[in-house]
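These notes concern the structure reproduced below.
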Number of protein chains: 2
Amino acid sequence: MPLPETEIPGRLQAELMSRGLRMTRQRRTILSVVETAKQHLDASQLLRRARRLDPQIDRVTVYRTLGLLKRHGLIDELDLMHMQGEKHFYERRPQRDHIHMACLRCGKITEFESDLFDRLKGQIQRDCRFHIVVTRLEIGGYCAQCRSTDQAQD
Amino acid sequence: MPLPETEIPGRLQAELMSRGLRMTRQRRTILSVVETAKQHLDASQLLRRARRLDPQIDRVTVYRTLGLLKRHGLIDELDLMHMQGEKHFYERRPQRDHIHMACLRCGKITEFESDLFDRLKGQIQRDCRFHIVVTRLEIGGYCAQCRSTDQAQD
DNA sequence: TCCTTATTGCAACTGACTTTCAAATTATAG
DNA sequence: CTATAATTTGAAAGTCAGTTGCAATAAGGA
């Protein structure tokens, strides 16, 4: 009879376990934060949320877990045009790549999928004989809302 | 009768002067390094080269000049997939945007222009009503050469 | 040339991330 | 249910890239 689990194992956890990695209490906590995040979080935000679930977690463990997920291609690292310092943001790798648009005025991040983007990647793989592992398309500019409420923009 | 100039004023210098910025010896030196660079240079490489022309230049001045050029849209800042730490690389803004491909094995950076990329940007401006100021498309993967000489790749 | 303002250089600082290493924990073998 | 071997963790110190404060200096117009 199965014991009640403190955490419902998510896809990230299942992925890591299937690759033979040890599942510690800290890892489970950090993975659950990454899984349930509704926006792009940076390392310190992830740490704060993980600590709400397990106050003992250290930030090195967060960095190490993020590195692990990155190496296994399970999360993507974003710069979001470095609008708030040099920190990085993370999101679970989606099935289909998308573009991140960052509004230089209000800071809003918009995601956009496009067939043209998929075709562009195909062209690169073919024409350059380049095997794509990870892509990052970030665009800085002014969103529709800021364009209509502000005159002074580039 | 014009005095002999130590530096032939380049396009970056002309641009900054036309915008009413003061042209100092240090700026002229840094601009000339940026203008004549044949590869993507980071701040410390730029400093080293600038110091060969003027040993007194401080690294803060390099950072401030890069910030100035960035704000004026005269150079683009690249991450090149953060393959060598978190530093940034710089290049003069080209007339036509291009893609940077970074080989995760040999580190080679390849540039690629594409009509599909131009069309993708047009689509974003139209469909998202987003006014594009700067784009950064970086791709990590394996170049043609590394694909044929190495079996162990992602 | 003088004068105002922008720019520089130094030193100290910051923030994000990494390394080191002993102690704790995990998965596995018995 | 141990014992064991290997992985993972946390705490502290360190690194690296870039920034800030401020007094001294230099640019460019009057």
Side-chain angles (χ1 to χ4, degrees), chain A residues 3 5-7 9 12-14 16-31 40-48 50-51 53-72 75 77-90, chain B residues 3 5-7 9 12-14 16-31 40-48 50-51 53-72 75 77-90:
Chain A
L3 291 163
E5 291 288 335
T6 13
E7 307 273 348
L12 291 180
Q13 188 175 324
L16 288 184
M17 288 180 83
S18 77
R19 292 169 202 222
L21 284 144
R22 293 194 182 171
M23 203 41 58
T24 62
R25 182 172 45 79
Q26 296 90 324
R27 266 186 196 166
R28 261 191 298 272
T29 305
I30 295 165
L31 296 183
H40 306 111
L41 300 177
D42 62 42
S44 63
Q45 292 173 310
L46 277 162
L47 173 63
R48 230 176 302 123
R51 276 193 167 152
L53 303 170
D54 176 356
Q56 289 235 278
I57 287 178
D58 193 86
R59 72 209 169 85
V60 256
T61 305
V62 171
Y63 282 116
R64 286 197 271 235
T65 305
L66 288 173
L68 188 70
L69 292 169
K70 254 192 289 176
R71 283 197 303 283
H72 285 268
I75 56 170
E77 186 176 70
L78 312 170
D79 295 301
L80 300 183
M81 296 318 271
H82 302 299
M83 291 206 306
Q84 305 143 77
E86 296 304 304
K87 60 187 153 208
H88 293 125
F89 297 87
Y90 300 90
Chain B
L3 292 163
E5 292 288 336
T6 11
E7 305 276 346
L12 290 181
Q13 187 174 325
L16 288 184
M17 289 181 83
S18 77
R19 292 168 202 220
L21 284 145
R22 291 192 185 171
M23 205 38 60
T24 61
R25 183 172 43 80
Q26 293 91 325
R27 268 188 195 164
R28 259 190 300 272
T29 305
I30 295 164
L31 296 182
H40 306 111
L41 301 178
D42 63 41
S44 63
Q45 292 173 311
L46 276 162
L47 174 64
R48 229 175 303 120
R51 276 194 167 151
L53 303 169
D54 175 357
Q56 288 235 278
I57 288 179
D58 192 86
R59 69 205 178 89
V60 223
T61 305
V62 170
Y63 282 116
R64 286 197 271 236
T65 304
L66 287 172
L68 188 72
L69 292 168
K70 256 193 286 177
R71 283 197 303 283
H72 285 269
I75 55 170
E77 187 176 70
L78 312 170
D79 295 301
L80 301 181
M81 295 320 270
H82 302 299
M83 290 204 310
Q84 305 143 76
E86 296 304 303
K87 60 188 154 204
H88 294 126
F89 297 87
Y90 300 90

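Order of the sequence lines sets the chain letters (A, B, ...), proteins ahead of strands, with each chain counted from 1.
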- Query: Are B/L68 and B/R71 side-chain neighbours, meaning at least one heavy-atom pair lies under 4.5 Å?
  - Reply: yes
Between NE2 of A/H82 and P of C/dC17 the distance, given in whole Å, is 11 Å
B/D79 atom CG is separated from D/dC16 atom C1', nearest whole Å, by 15 Å
Of all heavy-atom pairs linking B/A43 and B/Y63, the shortest is CB-CE2, 3.5 Å
Can you see if the side chain of B/Y63 gets near the phosphate of D/dG18 - specifically, an N or O under 4.0 Å from OP1 or OP2? yes
Ignoring hydrogens and angles, tell me if any N or O in the side chain of B/R59 forms a donor-acceptor pair with the backbone of B/L47 under 3.5 Å.
no
Overall bend of the helix from C/dT1-D/dA30 to C/dG30-D/dC1 (five pairs an end, 10° steps) is 30°
- prompt: Do A/L16 and A/L12 come close enough that some side-chain heavy atom pair is under 4.5 Å?
  reply: no
Residues A/A50 and A/I30: closest non-hydrogen pair is CB-CG1, 4.3 Å
In whole angstroms, the gap separating C1' of C/dC17 from CG of A/L47 amounts to 13 Å
In whole angstroms, the gap separating P of D/dG28 from CZ of B/R19 amounts to 17 Å
Checking B/D42 against B/H88 for the side chain to side chain donor-acceptor pair (under 3.5 Å) test, could you report, in this order, the C-alpha distance in whole Å, the side-chain angles of both residues, the deciding distance, and whether it holds? CA-CA 6 Å; B/D42 63 41; B/H88 294 126; over 6 Å; no
By ring pair (Phe, Tyr, Trp, His ring centres under 6.0 Å), A/H72 pairs with (sequence neighbours left out) none
Rounded to whole Å, NZ of B/K87 lies from C1' of C/dG15 at a distance of 18 Å
inquiry  = With a 4.0 Å cutoff (strictly under), does any side-chain N or O of B/H88 reach OP1 or OP2 of D/dA17?
reply    = no
Taken to the nearest whole Å, NZ/A/K70 to P/C/dA16 is 15 Å
Separation of D/dG18 atom P from B/L66 atom CG, nearest Å, is 9 Å
What one should report as the nearest heavy-atom pair of B/M23 and B/L31 is SD-CD1, 4.1 Å
Atom CG of B/D42 and atom P of D/dA17 are separated, to the nearest Å, by 7 Å
Looking only at heavy atoms, the pair that brings A/H40 and A/F89 closest together is O-CD2, 3.6 Å
Counting primed atoms, P, OP1 and OP2 as sugar-phosphate and everything else as base, the B/S/- map of nucleotides 1-11 of chain D against protein heavy atoms under 4.0 Å is -----BBSBBB
